[in-house]
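In what follows, a single structure is set out as structure tokens and then discussed.
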Amino acid sequence: MSSKPRDKRMSIEEVVASLEDGMTIGIGGWGPRRKPMALVRAILRSDLKDLTIVSWGGADVGLLARAGKIRRLVYAFVSLDSIPLEPNFQRARQAASIPEVVELDEGMFQTGLKAAAERLPFLPMRAGLGSDVLVNNPGITTVTSPYDEGHGHEELVAVPALRLDVALVHLNRADAHGNATYLGPDPYFDDLFAMAADRTYLSVEQVVDTAGLTVDTPVQRVLLNRMMVTGVVETPNGAHFTTCTPDYERDERFQKAYAAAAGGSEEDWAAFEERFLSGDEDAYQAAVQAFAEEQ
């Protein structure tokens, strides 16, 4: 029996083939920053349906909502930053086309992931008390602290664990075994997504050998280790049109075109889909390159 770590490299298609209808899928990144968009686009092309999506959302949520893939959405926000409200998500909310939505405070969202990562049914916190988060989510209850710290037994929000069947995350570099580094300014919460999930699929800009992960960056930037990761996909520009600092920043011109199509007529969106979303990932990247050359 070999003692070598397993080679976990996969194709985008192999990842999506392993997913099933009705799954709970957590999508890492933050709004329009370092989202695993190549994997999201592959889900878009698939027959998958009735998904529960858990995300600090951006175009990942917008695209899947527009395609009718989402049965239940758990989110803290859905934004493109320079465009405050993601227009496909706005359209879906106004049309009530997402059957079930759970909107959480950002801190509650993080705490739910932490509870799942620690295999706890819930974690207590103060965020949410006195807010409409509890009014609009009557399934989230409170718990009384068993400890009296001199001012009675405090009431706290019992934030339920956000358990994930699968997490999808995008980082800058990984080895073939699933150890991965981020090179930008923020890890976001991709490690929490991975620990909250039964399986994690990681897309990266580049697969390198293990020693190469720390050649030009501190070892503290190794965010994921191979025990957390089921599969690794090398997909350059795979976070487009979100950021993947320092490899590239957000494609603002493309984002504006996306938002204009999403907020426009059905014909506008159909034209955008035909140009950018009708083929595989290679076709998408070629169309993006052609779009960039039009400037």
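Side chains included, hydrogens not; waters and symmetry mates left out as well; all remaining heavy atoms used. Just so you know, residue 1 is the first one in the sequence shown, and it goes up from there.
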Taking the cut-offs as 6.0 angstrom to the six-membered ring centre and 45 degrees off its axis, would you call R253 and F291 a cation-pi pair? yes
Is R33 close enough and on-axis enough to Y188, meaning under 6.0 Å and within 45°, for cation-pi? no
Give the C-alpha distance, both sets of side-chain angles, the deciding distance and a yes or no for side-chain hydrogen bond (donor to acceptor under 3.5 Å, both in side chains) between Y248 and E205. CA-CA 10 Å; Y248 46 88; E205 294 297 311; 2.6 Å; yes
Hydrophobic cluster membership, V229 vs V204, 4.5 Å side-chain cutoff: yes
As a quick check of understanding, evaluate side-chain hydrogen bond (donor to acceptor under 3.5 Å, both in side chains) for H240 and D251, giving each step before the final call. CA-CA 7 Å; H240 183 273; D251 188 340; 2.8 Å; yes
Carefully, step by step, assess S203 and H170 under the rule side-chain hydrogen bond (donor to acceptor under 3.5 Å, both in side chains). CA-CA 5 Å; S203 61; H170 186 87; 2.7 Å; yes
Which word best sums up how the rings of W56 and W30 line up, parallel for under 30°, tilted for 30 to 60°, or perpendicular for over 60°? tilted
When the ring planes of W269 and Y258 are compared, do they come out parallel, tilted or perpendicular, using 30° and 60° as the limits? perpendicular
Worked verdict on E86 versus S79 for side-chain hydrogen bond (donor to acceptor under 3.5 Å, both in side chains): CA-CA 5 Å; E86 209 284 350; S79 174; over 6 Å; no
With a 6.0 Å cut-off (strictly less than), is the heavy-atom count around [atom1] of [X], excluding the residue itself, greater than 12?
X    : atom1 : result
R9   : CZ    : no
E274 : CD    : no
D148 : CG    : yes

Please give me the minimum heavy-atom distance between A287 and R275, naming the atom from each residue. CB-O, 3.5 Å
Nearest heavy-atom contact between E13 and R45 is OE2-NH2, 4.3 Å
Looking at side-chain heavy atoms only, is the closest gap between F193 and T200 below 4.5 Å? no
With respect to I27, which candidate in V169, L164, L64 satisfies the side chain to side chain contact (heavy atoms under 4.5 Å, CB included) definition? L64
Using modelled atom types and a 3.5 Å cut-off, is there a donor and acceptor pairing between side-chain atoms of K114 and backbone atoms of L192? no
